[in-house]
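Have a look at the structure below before the remarks.
The shown structure was predicted, so the numbers you read here are calculated from the model rather than taken from an experiment. Chain letters run A, B, ... following the sequence lines, proteins first and then strands; every chain starts at 1.
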Amino acid sequence: MDASELAITARMARLSLTKEELEKLGVAVEQMLQHFSHMKEIDIQGLAPTTHALLRENRLREDAENGPALSDTLLGNAPEREERFIVIPNVL
Amino acid sequence: MDWHGVATHAGARERWKAFVASRQDELGSFLQFDPALGAVDSASSGPLAGVPFAVKDNIAVRGFRLTCGSRMLRDFVSPYSATAVERLQKAGGIVAGKANLDEFGMGSSTENSALMVTRNPWDPGRVPGGSSGGPAAAVAAGLAAFGLGSDTGGSVRQPAAFCGIYGLKPTWGAVSRFGLVAYASSLEVIGVMAKTVDMTEKAFAVMRGEDPRDQSSLAWQPAPLRKGKLSIGVPRECADVPMHADVRKTFEKTRRTLKELGHEVREVSFPTLDHVVSSYYVIATAEASANLARFDGVRYGHRAAHADTPEAMTIASRTEGLGPEVKLRILLGTYVLRSGFQDEYYLRAQKIRTAIRMDFQKAFEGVDLVLMPVYPVPPFQRGSADADPFMQKLADIFTCAANLAGLPALSFPAAVEAALPIGMQFLAPAFGEDLLFSICRQLEKGFPSPDAPGFPAGWK
């Protein structure tokens, strides 16, 4: 993968990489992609993809209150807030 | 060693805590050790009354931090407990503390933790394995009765093997993942590490079963236990995998021992073995890139100090908060999912996953269990001196197959060579855990988990 492809991928992944990081990670990514290229050698004609090895059908439950209310402890982990609102930089 | 009541009877508890404190600086197994906090939600009686256990720090325990070994979550406090933990607490078990790991479970050495260095109790110059290196080191050093880890591609079995203890990767779905921080959801499962088969089984028996909070969890439906002479398959392709002489020797020794116990050992064919690592890393990184997109610096986790827009904040927070191995896997996963590349990588890997499952299906038509090494080399040195990160990934070859196929596997201590433990593993058909315990118990009689230096705990 060339440097510009890597930069595009990093942008999609919401990562900002320094030149040094791009170089270092670029080598590691390329090494893995090289390894992945061996997947071409195996015949997969007619095989369906497996997303999960053992997956049951969807299950439904009663639409009822379930477990304790967690909003206070969850809000306690917010990096910045005003009362019960989470503060982020201006959107507009 | 009897662990019952150790965390609850005042005398034993103080001796145990003093012993843990005396080993912590050297081993670095716990990121947070707080049995008093751990006892808050535990029942006073039950099959695990007063038994302290270590929890890998990507599994939620109410009131404890849940760092995942990452700067991103360094200060995050969990509002609730994982179902597996809750069930152990209801059985009387007591959380001793949160144990170190490779960041978000990504690694084979625990050296990818951004927060602490963990050392192997057998040799402080070597890694404890990973990614569940913290709980493995804690159990092997006698600091906890058992440890909870997560196994995505071998992260319970490999550190267990590196530390000379047992490590169970259950059938996918047999243990609820509610409260496990997601890395690669279709592959991972919460597992147990312990010094004895009994303790491993006991903890698993309490944890398993369907959970309404995890749609992918499955009711416990054990395969009928086969008794007497077993047929054990050894993939002939294992011979082609480069292996350290001590691992090869132990592999052969284990086959001989199984024959001496009256079992039949024979070759089976596993032609996809050469492709499991590729398939695994494509799928695992793809799922990781999606699962870790949630760390955006908005609602919780690290937030960069200065940013003009929400998007700039997210990019800066992720860039500062995540370590290099995590970034590498997110980049790879993002790439293999990009439009134009999906068919070549992700779809192809999923089809190979089907081929891998079929290989196992075929093998299990003729044998009861499959035997393989856990890792091609003994515990390696810290600092990647003798195993760089790429080599470490290739070395997942024996472990990640079970994850791709969703099968249960139990790694067990099989030898000590050059003063280092070597582990082997059995794989069974889905829900064949009872057979795994049964065969390992037979081997345990002749070769119990060897005690790491300093194990005979001073507080005993």
Side-chain angles (χ1 to χ4, degrees), chain A residues 1 5-6 8-18 21 24-29 31-33 35-56 58-59 61 66-68 70-81 86-91, chain B residues 76-77 79-80 171-173 186 212 215-216 218 272 274-275 277-279 281-282 289 293 296-301 303 307-310 312-316 318-319 322 324 327-328 330-332 334-336 338 345 347-355 357 389-390 393-394 404-406 430:
Chain A
M1 187 184 346
E5 285 291 330
L6 187 62
I8 293 169
T9 309
R11 253 202 316 280
M12 296 172 99
R14 302 289 185 274
L15 291 170
S16 160
L17 303 177
T18 61
E21 271 183 311
K24 226 174 151 182
L25 285 169
V27 172
V29 166
Q31 216 170 15
M32 288 306 285
L33 291 178
H35 188 70
F36 292 166
S37 68
H38 295 300
M39 291 196 304
K40 287 185 192 132
E41 295 160 12
I42 185 170
D43 181 16
I44 49 161
Q45 201 74 42
L47 291 182
T50 294
T51 59
H52 297 81
L54 305 152
L55 199 59
R56 261 183 48 186
N58 268 345
R59 280 156 273 178
R61 64 167 173 80
N66 197 358
L70 295 174
S71 56
D72 287 332
T73 38
L74 284 170
L75 278 170
N77 278 303
E80 193 183 348
R81 76 185 159 127
I86 292 169
V87 178
I88 59 166
N90 287 336
V91 175
Chain B
F76 182 85
V77 177
Y80 56 80
T171 303
W172 189 78
S186 81
Q215 271 281 327
S216 63
L218 299 164
T272 51
D274 204 25
H275 295 279
V277 171
S278 295
S279 174
Y281 272 97
V282 169
S289 73
D296 57 7
V298 176
R299 293 168 191 82
Y300 57 89
R303 180 185 284 193
D308 293 334
T309 66
M313 182 188 80
T314 290
I315 291 171
R318 288 167 66 79
T319 302
L322 300 173
K327 285 176 182 168
L328 168 62
I330 290 176
L331 283 173
L332 266 175
T334 305
Y335 185 74
V336 299
R338 273 176 63 178
Y345 294 110
L347 191 63
R348 195 166 186 93
Q350 288 181 319
K351 289 182 178 173
I352 294 174
R353 188 177 185 181
T354 305
R357 287 174 59 203
F390 180 62
K393 290 186 181 75
L394 299 187
L404 288 162

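- Note: A:His52 and B:Trp172 have tilted aromatic rings, judged against thresholds of 30 and 60 degrees for the angle between ring planes.
- Chain B forms more heavy-atom pairs under 4.5 Å with one residue of A:Leu25, A:Leu54, A:Ile88 than with any other, namely A:Leu54.
- Only the backbone of A:Ala48 has a heavy atom closer than 4.5 Å to any heavy atom of chain B.
- When all heavy atoms are compared, the tightest approach of B:Val298 to A:Pro79 is O-CD, 3.2 Å.
- With a threshold of 4.5 angstrom between heavy atoms, A:Arg59 approaches chain B through its backbone and through its side chain.
- When atom types are taken as modelled, the side chain of A:Thr9 and the backbone of B:Leu331 share no donor-acceptor pair closer than 3.5 angstrom.
- For the set B:Ser186, B:Ser279, B:Pro310, the entry with the most heavy-atom pairs within less than 4.5 Å of chain A is B:Pro310.
- Of all the listed residues (A:Asp72, A:Thr18, A:Leu15, A:Asn90), the one sharing the greatest number of non-hydrogen pairs under 4.5 Å with chain B is A:Leu15.
- At a 4.5 Å heavy-atom cutoff, the contact between B:Leu404 and chain A is made by backbone atoms alone.
- Between B:Leu347 and A:Pro49, the closest side-chain pair of non-hydrogen atoms falls below 4.5 Å.
- A:Ala53 approaches B:Ala405 most closely through the heavy-atom pair CB-O, 3.3 Å.
- Nearest heavy-atom pair across B:Lys351 and A:Ile44 is CD-CD1, 3.7 Å.
- Residues satisfying the salt bridge (Lys or Arg N to Asp or Glu O under 4.0 Å) criterion with B:Lys327, sequence neighbours excluded, are A:Glu21.
- We find the OH-NE2 distance between B:Tyr281 and A:His35 to be 9.5 Å, quoted to the nearest 0.5 Å.
- With a 4.5 angstrom heavy-atom cutoff, A:Leu17 touches chain B only via side-chain atoms.
- The parts of B:Arg348 that come within reach of chain A are both its backbone and its side chain, each placing non-hydrogen atoms under 4.5 angstrom from that chain.
- Nearest heavy atom pair, residue A:Thr51 against residue B:Arg353, reads O-NH1, 3.0 Å.
- The shortest distance between side-chain heavy atoms of B:Asp296 and A:Arg14 does not fall below 4.5 Å.
- Considering every non-hydrogen atom in both B:Val77 and A:Asn77, the closest pair reads O-ND2, 2.8 Å.
- Residues B:Tyr345 and A:Met39 approach most closely at O-CE, 3.7 Å, considering heavy atoms.
- Proximity to chain A (any heavy atom under 4.5 Å) is shown, for B:Thr354, by both the backbone and the side chain.
- For a residue to count as touching a neighbouring chain, one of its non-hydrogen atoms must lie under 4.5 Å from one of that chain's; by this rule B:Ala349 touches chain A with backbone and side chain alike.
- Options A:Ser16, A:Ala10, A:Ala78 differ in how many heavy-atom pairs under 4.5 Å they form with chain B, and the most are formed by A:Ser16.
- For the side-chain contact (heavy atoms from CB on, under 4.5 Å) with B:Tyr335, the lone residue among A:Leu6, A:Ile8, A:Val29, A:Leu33 that qualifies is A:Leu33.
- Here B:Arg338 contributes atom CZ and A:Glu5 contributes atom CD; the two are 4.5 Å apart, rounded to the nearest 0.5 Å.
- Between B:Ile352 and A:Leu47 there is no side-chain heavy-atom pair separated by less than 4.5 Å.
- The most heavy-atom pairs under 4.5 Å with chain B, out of A:Ile42, A:Ile86, A:Thr73, come from A:Ile42.
- Contacts of A:Lys40 with chain B are made by both backbone and side-chain atoms, with heavy-atom separations under 4.5 Å.
- The shortest distance between side-chain heavy atoms of A:His38 and B:Asp274 does not fall below 4.5 Å.
- B:Arg357 touches chain A through its side chain: at least one heavy atom from C-beta onward sits under 4.5 Å away, while N, CA, C and O do not.
- For the pair B:Tyr80 and A:Leu70, the minimum side-chain heavy-atom distance is below 4.5 Å.
- Note: B:Ile315 leads B:Ile330, B:Ile315, B:Thr309, B:Leu332 in heavy-atom pairs under 4.5 Å with chain A.
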